[in-house]
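Data block below; observations after.
What you see is a predicted model; the values in this text were computed from it and never measured. Nothing fancy with the numbering, it's 1 onward along the sequence.
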Amino acid sequence: MKTVLRCLAVALLAALPAFSAQAQNWPSKPVRFIIPFPPGGPTDIMGRLAADILSRAYGQQFVPDNRGGAGGNIGSDLCSKAAPDGYTICMLTAAQGVSPGIYKKLPFDPVKDFAHVTLMAILPSMLTTHPSLPVKNVKDIIALAKSKPGQLSYASTGNGSSPHMLMELLKHLSKTDMVHIPYKGQAPAVVDQLSGQVQLAFNTAIGVMSHVQSGRLKPIAISTKERFPPMPELPTVAEGGLKDFDGSSWQGVVFPGGTPQDIVSKVHATLAKELTSPAGRETMLKRGGIASGNTPAEFAAFVKAEVAKWTQVAKAARIQVD
């Protein structure tokens, strides 16, 4: 028995240098970076930021690969089934925290099928309207929606996306009826809101701050319980009358499940160093996000909690996507 244990110990010790060498030699070629939404939206912005940080850190290109569709699920499914060799890395978003609660046959599990690296940022969403809509606050929107049931339309980045679920939560709490217009990403959704084809939407602040500052969109409220530091004058939805309202989008980085832990840890250390630095936090705030950089275990627990939260919201609002 002692001989067997001794042999196992020797084998494990012999394997350790190989694991360390794998992390030391990685990446030895370009890395594919899957972004599960089209160019121009918040996931694309955050994904390209992460890709740039990693490219500079390792001297290899992390090549953005936009694979939009199905509220981010097409790209996420592609990621979950990629080879776990460290040469595919991906963005995971709030939409994937919602998907298990609304899709009957989701082809991946956002908790079990990824090697979680870090939460990059919480992205408060801003409730905005087209300037022509005669409203100034949340109470005005609710009153207008009740006076015109089924006539106001709102844009989202797809069925089950964070903008969709935030508006469904608003509808549920305010007992109003508005028409959902889904898009393949925030960029095309904002284009139609700017033109007035849809009246309102929850958009991540990172994606619409420039339009708000230029006056092309009217800011109404922020989605989180706390006010947003770059726009402290903007009230929260809860302050506007829906006291139980709280929600935000988020962006994180993952590898396919089974990717060697030493590679996961290496990437986490690189991203966390950038995100937790004073300059990194300031840059993120300017882009509309609150930087995180939490540990892989903390990010995995966060995703699990998000799935539970939004599954309850979907059930209460009776949202189901075939």
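- A salt bridge between R48 and D44 is present, with a side-chain N of the basic residue lying under 4.0 Å from a carboxylate O of the acidic one.
- With W310 contributing its side chain and M165 its backbone, the two residues share no donor-acceptor pair below 3.5 Å.
- Among all heavy-atom pairs drawn from I34 and P36, the shortest one is O-CD, 3.8 Å.
- Pairs passing the ring-ring contact (aromatic ring centres under 6.0 Å, His included) check and including a residue from residues 145-167, sequence neighbours excluded, read Y154-H180, H164-H180.
- Other members of the cluster containing V198 are V179, I181, Y183, with ILVMFWY side chains joined at under 4.5 Å, either directly or via other members.
- For D109 against D113, the heavy-atom pair with the smallest separation is N-OD2, 2.7 Å.
- Looking at H268, its side chain does come within 3.5 Å of a backbone N or O of N294 through a donor-acceptor pair.
- The main-chain N or O of W250 is never found under 3.5 Å from a side-chain atom of E306 such that the two would form a donor-acceptor pair.
- The salt bridge (Lys or Arg N to Asp or Glu O under 4.0 Å) pairs that include a residue from residues 142-170 are E168-K171, where partners are two or more places apart or lie in different chains.
- Here the shortest heavy-atom pairing between H116 and V303 reads CD2-CG2, 3.9 Å.
- Every residue meeting the side-chain hydrogen bond (donor to acceptor under 3.5 Å, both in side chains) condition with S28, not counting sequence neighbours, appears here in chain and number order: Y87.
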Query raised in the report: What's the verdict on side-chain contact (heavy atoms from CB on, under 4.5 Å) for R281 and T276, showing C-alpha distance, side-chain angles and the deciding distance?
Result: CA-CA 6 Å; R281 290 188 179 281; T276 58; 3.9 Å; yes

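- For residues 54-72, the set of pairs meeting the salt bridge (Lys or Arg N to Asp or Glu O under 4.0 Å) definition, not counting sequence neighbours, comprises R32-D65, D52-R56, D65-R67.
- Residue pairs meeting the side chain to side chain donor-acceptor pair (under 3.5 Å) criterion with at least one partner in residues 206-231, sequence neighbours excluded, are R227-E239.
- Between the S249 side chain and the A94 main chain, no donor and acceptor come within less than 3.5 Å of each other.
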